Amino acid sequence: MIGDDIAAISTAPGEGGIAIVRLSGNSVIEKVEQIFQPYRAGIKLSDKEGYSLSLGWLCDEKMEIIDEVLLGLMRAPRSYTGEDVVEINCHGGTLPARRCLETVMRQGIRLAQPGEFTRRAFLNGRLDVSQAEAVIEVIRAKTERGMNLALKQLAGRNSREISLLEDQLIEVNAMLEASLDFPDEVGDLDYSVAQGKLREVKNRIDKLLLAGERAEIYREGINVAICGKPNVGKSSLLNALLRKEKAIVTSVPGTTRDIIEDYINIRGIPVKLRDTAGIRFTEDLVERIGIERSQEVISEADLVLFILDVGTGIDQEDREIYEKIEKKNKIVLVNKEDLEEKNISETELEQLFPGVKIVRGSIIEETGLEELEESMEKAVLSGQLQSDDMEVMINLRQKNALLTAKRHIEDSLAVMGKVSLDCLGVDIWGALEALGEINGKNLKEEVIERIFHDFCIGK
Amino acid sequence: MIYKAGSYEVIVIGAGHAGCEAALASARMGCQTLLVTMSIDHIALMPCNPSIGGPAKAQVVREIDALGGEMALNIDKANLQIRTINTGKGPAVQALRAQADKRQYHLEMLKTLFNQKKLDILMAEVEDIELSAARVKAIVTRTGARFECQALVLTTGTYLKGRIIVGDISFDGGPGNQFPAARLSESLKRMGLRLGRFKTGTPPRIDSKSVDFSEMIEQPGDIRPLRFSFISPLINRPQLSCWLTHSNKKTHQIVMDNLDRAPMYTGIIKGIGTRYCPSFEDKVVRFSHKDSHQLFIEPEGRDTDEMYVQGLNTSLPEDVQIEVLKSIPGLENVRIMRTGYAIEYDIIYPSQLKLSLECKTVEGLFTAGQINGTSGYEEAAAQGLIAGINAALQVKDREPLVLKRSESYIGVMIDDLINKEIEEPYRLLTSRAEYRLLLRQDNADLRLTEKGRQIGLVDDNRWMAYQQKEEILEVESNELKFSSFTPADEEMAEFLSYKNTAAIRDRVSLWELLRRPELSIYDYVGKGWLRDNDPDILEQLEIQAKYEGYIEKQKEQVKRFEKLENKMLPPDLNYDEVYGLSQEAVQKLKIVLPASVGQASRIAGVNPADINVLLIFLEKKRRK
């Protein structure tokens with residue numbers, strides 16, 4: 001039911017300066033008033049206007065203080081959800097926010113379902129489809145870079161990229177339709193012009209899809225496996241990267257043969273780093289389990305860091321490990337370059353790992369780490385767009401719509417000149433319809449507008 | 001002094017293309033019908049271009065025919081040239097176009113009206129419509145005659161408060177300097193209807209004796225002229241040509257030099273004109289980069305010297321019109337016979353109508369044609385037919401006929417009129433039809449004859465012809481699908497190589513083989529694989545086989561489209577109580593009162609979020 005009162009902790013779980021409990025519904029203001037004691041006596045919450053702040057204490061039924069809070073008041077329809085909204089800014093940390101939430105829930109305000117605020121905003125006409133989707137992306141974004149992308153979409157960046165596409169496709173369609181509806185005035189369709197325009201549209205869609213994939217990498221992050229024989233420096237590498245980023249989210253320690261997982265942030269990309277136990281044939285049961293799990297980690301990895309020891313040189317064990325990762329996206333790190341005795345030569349590396357990115361350095365002395373990070377970013381984003389000129393986020397629904405549009409355009413390119421123009425129109429309309437779905441627009445109407453604008457028509 | 005003049009089941013006001021169809025449909029369906037016209041001498045008048053058909057319009061004319069209307073039969077009797085245009089662009093956009101003999105068109109229609117049982121014709125100006133409790137009760141003429149009726153069809157064309165403008169001269173008048181319907185607008189306003197004001201225009205007519213045709217390109221008719229009606233006899237009469245010439249820089253300079261005298265720019269014209277039928281001065285201004293515009297010189301009849309200058313509709317002063325014409329090759333010594341003019345007239349915003357074309361607020365009042373904001377003879381006739389049918393159905397206490405977007409151009413048009421905000425005269429285009437590959441001129445009978453029969457407008461003669469055609473199509477298409485050939489068949493191999501197309505690799509049916517562009521259905525007839533049927537049947541078989549893939553694609557789209565069309569909205573739904581609708585959507589939905597969620601989705605101002613809200617609302621109601 002829309003309109004009943006809902007509440008949720010809107011800030012991310014974990015430690016922070018403040019936390020926000022957000023409430024929305026027809027009678028949230030009245031309900032909060034019952035449990036709010038303002039600093040300045042005599043001030044009534046229900047008399048306050050929208051976009052106002054009130055400082056005071058949130059209390060329980062017995063008027064015992066729960067927390068000192070700042071209340072933000074937004075009145076319908078000028079609020080995020082379009083309903084009356086109260087935001088309780090309480091002290092940070094899990095406990096105060098939970099206690100505030102429990103207190104308001106005892107006033108007959110129910111816990112919101114995931115995404116319910118956004119759904120209400122959408123249903124109350126506060127957001128269009130792609131904006132609503134972008135809000136969900138904001139909530140899910142894992143690093144700041146992902147956050148920027150999501151914010152740009154909110155500001156209509158996605159909508160702009162899509163309207164450019166729409167515009168080009170409408171133009172081709174208008175050329176075709178004008179030649180069909182006004183044959184006396186417009187004449188025949190110029191195939192080569194139409195083809196050129198359709199190809200442009202297709203390229204644009206391809207670019208958008210690639211940019212979307214890149215955004216997905218920033219949002220969803222990647223799995224990186226660290227491989228190498230014992231004592232080659234796997235744990236040190238892990239620690240060095242962690243130290244450098246100071247962005248530990250979780251750390252799951254275990255025995256030496258367990259997989260060690262850590263989340264770090266490399267150049268804005270959320271990375272799940274996983275150390276593997278040594279990979280070699282063994283009779284030891286415990287170690288064998290470790291090896292099986294290592295293989296699993298490798299198969300799940302988007303990128304593998306393979307570490308060599310410049311002191312020991314490349315031995316049989318290294319070769320065996322390399323066989324397991326040969327087909328993966330990988331970087332070879334030659335470690336311990338601080339040692340005097342170097343037993344790995346450039347020619348050897350080139351021979352054994354043709355075309356593979358090689359980084360030389362010393363984890364202990366923290367040399368080569370910059371280059372390693374840069375190489376990791378490049379390896380992950382290869383193929384995707386490097387430049388920042390097209391920052392978009394594409395969710396599954398939008399991606400499907402783009403793929404459908406692309407398929408229709410490819411169909412029209414394939415049949416152009418081979419089928420009659422009315423049939424060609426079916427494919428081009430299919431593309432228009434798919435693109436229109438992204439922003440909920442009827443593009444056919446705009447085609448007709450364009451015909452009248454671009455062509456001199458009339459008896 | 002108002003006197004009791006009589007009583008009819010259905011009265012039709014106006015006898016243009018909409019009014020004639022409405023009156024004939026109503027009378028043919030068995031209702032005592034009165035057709036009231038300002039001038040019996042101008043029944044079925046073509047006051048603008050002398051042609052019927054063209055893209056989207058030809059399809060409509062065929063749809064009118066399939067339902068049992070008159071336009072197709074009438075133009076088949078009264079044409080002076082027939083052409084199929086858009087040949088080679090595909091069956092969905094191929095369209096028949098006829099040049100009409102305007103006088104003959106009027107006379108043939110008059111004959112049909114006179115011969116129609118249960119139909120009376122009266123010349124009068126109607127000045128009032130009487131209601132009784134929001135229901136139509138009677139009409140009153142200017143001379144005091146009061147006729148009672150159960151249903152009323154209003155087809156006032158451009159007569160409603162018509163005003164003619166030529167340069168700085170303007171006066172009240174209907175098309176061709178007739179009397180306007182001066183008083184009826186007030187009566188409509190008193191009923192609470194919202195009126196708007198539109199503008200259209202027409203070019204000058206010139207004396208063919210003063211034209212030098214040697215300077216122009218001849219456009220003859222087709223060698224084998226086709227018919228509009230599925231049941232007309234073959235057309236076999238000499239055809240007249242049209243002529244193509246062009247304006248030039250000098251012409252455009254004359255226009256530019258006289259813009260200060262053009263009522264479009266001086267502000268004398270306030271009505272809203274069309275973008276697809278702009279005046280010549282508008283074209284010159286808006287497309288100033290074009291040095292030349294096409295002009296077609298078209299005969300207006302076999303017994304007249306008047307010729308229509310297509311492309312030159314204008315309200316410039318008469319002396320400027322002459323100067324403009326004389327700058328055009330072939331028209332150096334031209335003599336004007338009728339001056340071009342613009343005309344402003346009142347319309348009813350069509351969002352006030354139901355899909356049956358009945359007013360939402362006045363029971364028994366139907367409107368059709370230019371009064372609903374459309375332009376074009378064909379668009380008018382189609383609405384007249386539907387309004388006449390639904391007036392008669394209402395008198396008989398039967399459900400109205402509403403055609404879907406997925407089955408006809410008529411459905412596309414009426415749905416557009418009611419759901420869009422019509423801000424300029426509306427014209428049908430093939431690009432307005434989402435499923436145009438299914439809405440072809442060749443299959444209009446297959447789409448609509450049965451509906452026409454159900455409502456009682458398709459007579460036995462037409463019905464039998466249709467059933468026979470349907471049966472032959474079924475038999476012949478099955479035969480083509482079941483007769484197949486293998487690569488081993490020598491006759492087939494020889495035929496394919498003769499036709500310069502690849503040999504077959506697997507067993508293949510004649511139906512499938514027909515998809516190859518190199519092959520035609522007439523090749524099959526030539527080989528004796530198919531009977532030499534009527535050309536209509538052969539064409540139908542060929543289109544169905546050749547375009548099967550795309551036709552199936554569109555049928556799939558129709559299925560998806562109809563999902564929302566079949567989600568009906570209760571007529572008494574209180575949109576104020578649907579929580580979550582945007583304010584704009586509530587306003588629009590309350591005005592339009594859509595029949596289905598599908599229709600709601602096409603209303604301007606109703607966005608996808610509102611549709612989601614409606615769907616959620618319906619689902620909640622269903623679960624209760």
Side-chain angles (χ1 to χ4, degrees), chain A residues 1-3 26 77 82-83 119-129 132 173-174 176-189 411 415 418-427 429-430 433 436-437 439-442 444-445 447-449 451-459, chain B residues 48-49 54-56 85-86 88-95 203 274-280 282-283 286-287 290 293-294 296 310-313 420 429-432 434 436-437 440 517 547 549-550 553-554 557 579-585 601-602 604 607-613 616 620:
Chain A
M1 195 178 94
I2 301 177
N26 289 339
E83 304 170 337
R119 196 160 73 236
R120 287 185 179 201
F122 174 63
L123 287 179
N124 287 334
R126 305 290 295 172
L127 301 172
D128 71 25
V129 186
N173 201 197
L176 168 66
E177 297 301 327
S179 80
L180 296 179
D181 271 321
F182 301 95
D184 287 345
E185 294 93 333
V186 177
D188 289 341
L189 178 74
D411 283 353
V415 300
K418 293 185 194 125
V419 300
S420 57
L421 292 176
D422 51 359
C423 293
L424 183 65
V426 174
D427 286 319
W429 281 358
E433 206 178 41
E437 272 171 22
N439 284 329
K441 281 200 260 178
N442 180 1
K444 281 202 62 190
E445 200 49 46
V447 169
I448 293 171
E449 297 280 322
I451 294 175
F452 296 137
H453 182 268
D454 288 359
F455 298 95
C456 180
I457 276 155
K459 298 191 166 185
Chain B
C48 196
N49 62 318
I85 52 179
N86 272 347
K89 292 186 187 172
V93 295
Q94 219 167 75
T274 51
R275 285 169 302 169
Y276 51 80
C277 191
S279 64
F280 186 71
D282 226 15
K283 287 191 215 175
R286 279 187 47 216
F287 296 90
K290 287 192 80 170
H293 293 282
Q294 289 189 107
F296 292 92
Q310 203 219 87
L312 200 80
N313 107 52
K420 282 186 183 159
L429 303 166
T430 70
S431 38
R432 294 196 197 271
E434 295 85 348
R436 73 176 164 205
L437 217 55
R440 308 184 306 270
Y547 298 92
Y550 279 96
K553 245 189 208 182
Q554 289 242 293
Q557 293 170 343
Y579 191 87
L581 284 177
S582 68
Q583 269 185 359
E584 194 191 359
S601 73
R602 293 188 291 277
N607 60 41
D610 298 313
I611 294 305
N612 279 333
V613 170
I616 292 169
K620 259 166 54 190

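Source: prediction; values computed, not measured.
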Specify which of [options] makes the most heavy-atom pairs with chain B at under 4.5 Å.
| options | answer |
| --- | --- |
| A/S179, A/G425, A/G82 | A/S179 |
| A/L421, A/L176, A/L180 | A/L180 |
| A/C423, A/G430, A/A178 | A/C423 |

- Any side-chain heavy atom of B/K553 within less than 4.5 Å of one from A/D427? yes
- Query: Would you say A/V419 and B/Y547 make side-chain contact, with heavy atoms under 4.5 Å?
  - Reply: no
- If you tally heavy-atom pairs under 4.5 Å against chain A, which of B/Q557, B/K420, B/K290, B/H293 wins? B/K420
Which region of [X], side chain (C-beta onward) or backbone (N, CA, C, O), has a non-hydrogen atom less than 4.5 Å from a non-hydrogen atom of chain A, or is it both or neither?
| X | result |
| --- | --- |
| B/F280 | neither |
| B/E434 | both |
| B/S582 | neither |
| B/R286 | side chain |

- If you look at every heavy atom in B/Y550 and A/V426, which pair is closest and at what distance? CD2-CB, 3.9 Å
- Query: Charged N to carboxylate O below 4.0 Å: is that the case for B/K89 and A/D188?
  - Reply: yes
- Query: Between A/E177 and B/R432, is the closest basic N to carboxylate O distance under 4.0 Å?
  - Reply: no
- For A/S420, the side chain to side chain donor-acceptor pair (under 3.5 Å) test, sequence neighbours excluded, returns A/D422
- Residue list, side chain to side chain donor-acceptor pair (under 3.5 Å) with A/D411, at least two apart or on another chain: none
- Gap separating the OG1 atom of B/T430 from the CZ atom of A/F182, nearest 0.5 angstrom: 9.0 Å
- Message: At a 4.5 Å cut-off on heavy atoms, which part of A/I451 comes close to chain B: side chain, backbone, both, or neither?
- Response: side chain
- Message: Given heavy-atom pairs under 4.5 angstrom as the criterion, report whether the side chain, backbone, both or neither of A/D184 touches chain B.
- Response: both
- Counting distance only, does the side-chain N/O of A/D181 pair as donor-acceptor with the main-chain N or O of B/L429 below 3.5 Å? no
